[in-house]
Amino acid sequence: MAQQELDHLSGQTTTGHEWDGLKELNTPLPKWWLYVFYVCIVWAIGYWFVYPSWPLVSDYTKGFFGPSMRSAAIADYEGGNAARLANASGLADAPLDKIKSTPAFLEFAMANGKAAFGDNCAPCHGSGATGGPGFPNLQDDDWMWGGKLEDIYQTIRFGIRSGNDKMRDMTMPNFGKDGILTKEQVADVATYVMSLSDTAVKGTDSGKQLFADNCASCHGEDAKGNIEMGAPNLTDKIWLYGSGVAAVEVQVNQPKHGVMPAWEGRLDPITIKSLAVYIHSLGGGK
Ligand code: HEC
Ligand code: HEC
């Protein structure tokens, strides 16, 4: 039977364990340490109930008040957003040309517009805004719907064939598919259209007449386009849907109708203004 005894050297009792004459001193943890330890255990139990803690098979215990890092992060983000908008106070009510002429507004709008372009527009218009087949280049000075600050602003707000009440809308008829023109007439007018920008292609008088009768109302007598109609200039070498007689024939036969989403309601008003200012400044603004 183990026997506790007093150790004379240290003045402490032993635990009573003994191995071949070696005895173990009993040195208990300091009381303060022990109490802190007990308090931690009690605290941990409380913590389990209050905070998310135990993993379950497909979920986890949520805690009484349902705190989450996610909602904290969202609140943080929204706080940051509010601060950002406060920074731009006055910008929301400023007319577009005032934003352009006020250096502090302009600086903010350019940075904000550039960031918003990368997030929302680059997937279609390309990260450099140079577009691609079906998606117009926003860097050049060739505009279907107008390159003035106000025009660009309106296009961004309401979109093109977007379904928005105030969208820009104009549909080129299916000349070939709906039998308005015969196959030969489609080829004839397409050849005439290509001859306007490509000297290697020779157009005919009948093609010119077909154009005047069927196309000039939207694209203009001189085929230079009309921003009221969203009808592109057909005399430059800039093609949304591809260059060449064959590509033009395809368009005349059954036109594509590009869709650009409306951003009002999706982006805040300051961001939409910023985008208009940013796009206008890319080099092609009028
Ligand atoms: C889903 C693809 C898509 C996204 C995203 C998109 N656009 Fe467009 N955008 C288009 C298409 C397609 C057209 C051409 C519509 C047509 O054929 O008339 C267009 C046209 C435009 C035009 C008119 C060009 C002209 O010549 O008049 C502007 C300006 C424009 N987009 C700006 C933006 C901005 C700014 C954003 C981001 C907030 C954006 N777009 C996001 C597809 C998109
Ligand atoms: C009701 C108006 C309207 C009429 C009439 C019309 N167009 Fe168009 N056309 C448009 C619009 C709008 C677009 C732009 C389509 C888009 O953005 O998706 C377009 C686009 C085109 C394009 C594509 C240009 C490019 O850059 O790729 C060609 C080519 C074209 N039209 C040729 C013609 C010809 C030829 C005729 C006559 C046979 C004609 N159009 C009649 C409105 C019209």
Side-chain angles (χ1 to χ4, degrees), residues 113-126 129 131-149 151-162 167-176 180-181 185-194 196-197 207-220 223 225-253 255-264 266-267 271-280 282 284-286:
K114 187 169 187 195
F117 187 88
D119 290 346
N120 301 286
C121 324
C124 288
H125 291 284
F135 300 107
N137 184 343
L138 303 176
Q139 290 255 21
D140 61 12
D141 60 357
D142 188 49
W143 299 96
M144 284 184 285
W145 297 97
K148 296 211 183 73
L149 199 42
D151 298 331
I152 295 173
Y153 182 50
Q154 187 182 339
T155 302
I156 301 173
R157 281 175 82 187
F158 307 120
I160 303 165
R161 304 178 194 101
S162 58
M167 66 185 174
R168 295 191 180 278
D169 190 15
M170 178 55 69
T171 353
M172 174 166 155
N174 296 328
F175 286 98
I180 306 168
L181 299 179
Q185 285 175 315
V186 170
D188 201 10
V189 75
T191 309
Y192 170 72
V193 166
M194 269 321 288
L196 298 172
S197 59
K208 187 173 182 181
Q209 191 56 46
L210 282 170
F211 188 87
D213 296 343
N214 296 284
C215 323
S217 56
C218 290
H219 290 280
N226 181 353
I227 58 168
E228 301 300 318
M229 305 281 192
N233 185 346
L234 303 176
T235 66
D236 56 17
K237 288 189 175 356
I238 301 171
W239 299 99
L240 189 57
Y241 297 121
S243 145
V245 175
V248 174
E249 270 185 67
V250 168
Q251 173 73 9
V252 177
N253 193 49
K256 296 193 185 64
H257 306 297
V259 173
M260 149 84 182
W263 295 91
E264 186 140 290
R266 290 210 228 170
L267 295 176
T271 299
I272 296 182
K273 283 189 176 182
S274 303
L275 278 163
V277 169
Y278 173 71
I279 301 286
H280 184 257
L282 286 179
K286 297 204 167 157

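In each ligand, atom 1 is the first atom listed, and ligand 1 is the first ligand listed. Positions are given from 1 along the sequence. Computed from a predicted model, the values in this text were never measured in an experiment.
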All pairs passing side chain to side chain donor-acceptor pair (under 3.5 Å) where residues 235-253 contributes a residue, at least two apart: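 The answer is N233-T235.
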In the protein, which heavy atom is nearest to [atom], and how far is it?
{"atom": "atom 5 (C) of ligand 1", "answer": "N120 O, 3.4 Å"}
{"atom": "atom 41 (C) of ligand 2", "answer": "F175 CE1, 3.4 Å"}
{"atom": "atom 25 (C) of ligand 1", "answer": "M144 N, 3.4 Å"}
{"atom": "atom 12 (C) of ligand 2", "answer": "G230 O, 3.4 Å"}
{"atom": "atom 18 (O) of ligand 1", "answer": "W145 NE1, 3.2 Å"}

Under 4.5 Å between any side-chain heavy atoms of [X] and [Y], yes or no?
{"X": "I160", "Y": "W145", "result": "yes"}
{"X": "E264", "Y": "F158", "result": "yes"}
{"X": "Y278", "Y": "L282", "result": "yes"}
{"X": "V189", "Y": "N214", "result": "no"}
{"X": "T271", "Y": "W263", "result": "no"}

Within less than 2.8 Å of atom 8 (Fe) of ligand 1, how many protein N/O/S atoms are there?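 If we list every protein N, O or S atom nearer than 2.8 Å to atom 8 (Fe) of ligand 1, we get 2.
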Side-chain donor or acceptor of [X] paired with backbone N/O of [Y] under 3.5 Å:
{"X": "H219", "Y": "P232", "value": "yes"}
{"X": "H125", "Y": "P136", "value": "yes"}
{"X": "R161", "Y": "G258", "value": "yes"}

Looking at [X], which atoms of ligand 1 are within less than 4.0 Å of one of its heavy atoms?
{"X": "L240", "answer": "17 (O)"}
{"X": "G134", "answer": "12 (C)"}
{"X": "L275", "answer": "38 (C)"}
{"X": "W143", "answer": "24 (C), 25 (C), 26 (O), 27 (O)"}
{"X": "V259", "answer": "10 (C), 11 (C), 12 (C), 42 (C)"}

Where do [X] and [Y] come nearest, in terms of heavy atoms and distance?
{"X": "V186", "Y": "L181", "value": "CG2-CB, 3.9 Å"}
{"X": "G118", "Y": "P123", "value": "O-CD, 4.4 Å"}
{"X": "D151", "Y": "G147", "value": "OD2-N, 3.7 Å"}
{"X": "M172", "Y": "V252", "value": "CE-CA, 3.9 Å"}
{"X": "A247", "Y": "G242", "value": "CB-O, 3.5 Å"}
{"X": "I156", "Y": "I272", "value": "CG2-CG2, 4.1 Å"}

Hey, mind stepping through W143 and L138 against side-chain contact (heavy atoms from CB on, under 4.5 Å) and telling me if it holds? CA-CA 8 Å; W143 299 96; L138 303 176; 4.1 Å; yes
Tell me the contacting part of Y241 for ligand 1: side chain, backbone, both, or neither, using a 4.0 Å heavy-atom threshold, strictly below.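 For Y241, the contact with ligand 1 is made by the side chain alone.
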Proximity to ligand 1 by part of I227, non-hydrogen separation under 4.0 Å: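 Within the 4.0 Å criterion, I227 makes no contact with ligand 1.
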In terms of atom number and element, which parts of ligand 2 are under 4.0 angstrom from non-hydrogen atoms of [X]?
{"X": "R161", "value": "12 (C), 15 (C), 16 (C), 17 (O), 18 (O)"}
{"X": "V248", "value": "29 (C)"}
{"X": "K256", "value": "15 (C), 16 (C), 18 (O)"}
{"X": "M229", "value": "12 (C)"}
{"X": "V193", "value": "35 (C)"}
{"X": "T171", "value": "1 (C)"}

Under the side chain to side chain contact (heavy atoms under 4.5 Å, CB included) test, residues paired with A246 that sit two or more places apart: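 Residues passing side chain to side chain contact (heavy atoms under 4.5 Å, CB included) with A246: none at all.
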May I ask whether L210 places a heavy atom under 4.0 Å from ligand 2?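 The answer is no: ligand 2 sits nowhere under 4.0 Å from a heavy atom of L210.
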Working to the nearest 0.5 Å, report the span between OG of S217 and CE of M229.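 Between S217 OG and M229 CE, I get 6.5 Å after rounding to 0.5 Å.
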Once rounded to the nearest 0.5 Å, what's the spacing between atom CD of Q139 and atom CD1 of I279?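 If we round to the nearest 0.5 Å, Q139:CD and I279:CD1 are 8.5 Å apart.
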Would you say G258 has any N or O atom under 3.5 Å from an N or O of ligand 2, going by distance alone?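 It does: an N or O of G258 is found under 3.5 Å from an N or O of ligand 2.
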If you measure every N/O of N214 against every N/O of ligand 2, is any gap under 3.5 Å?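 Min N/O separation from ligand 2 is not below 3.5 Å for N214.
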Going by chain and residue number, what protein N/O/S atoms come nearer than 2.8 Å to atom 8 (Fe) of ligand 2?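 N, O, S partners closer than 2.8 Å: M172 SD, H219 NE2.
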Working for side-chain contact (heavy atoms from CB on, under 4.5 Å), residues I238 and N137: CA-CA 9 Å; I238 301 171; N137 184 343; over 6 Å; no
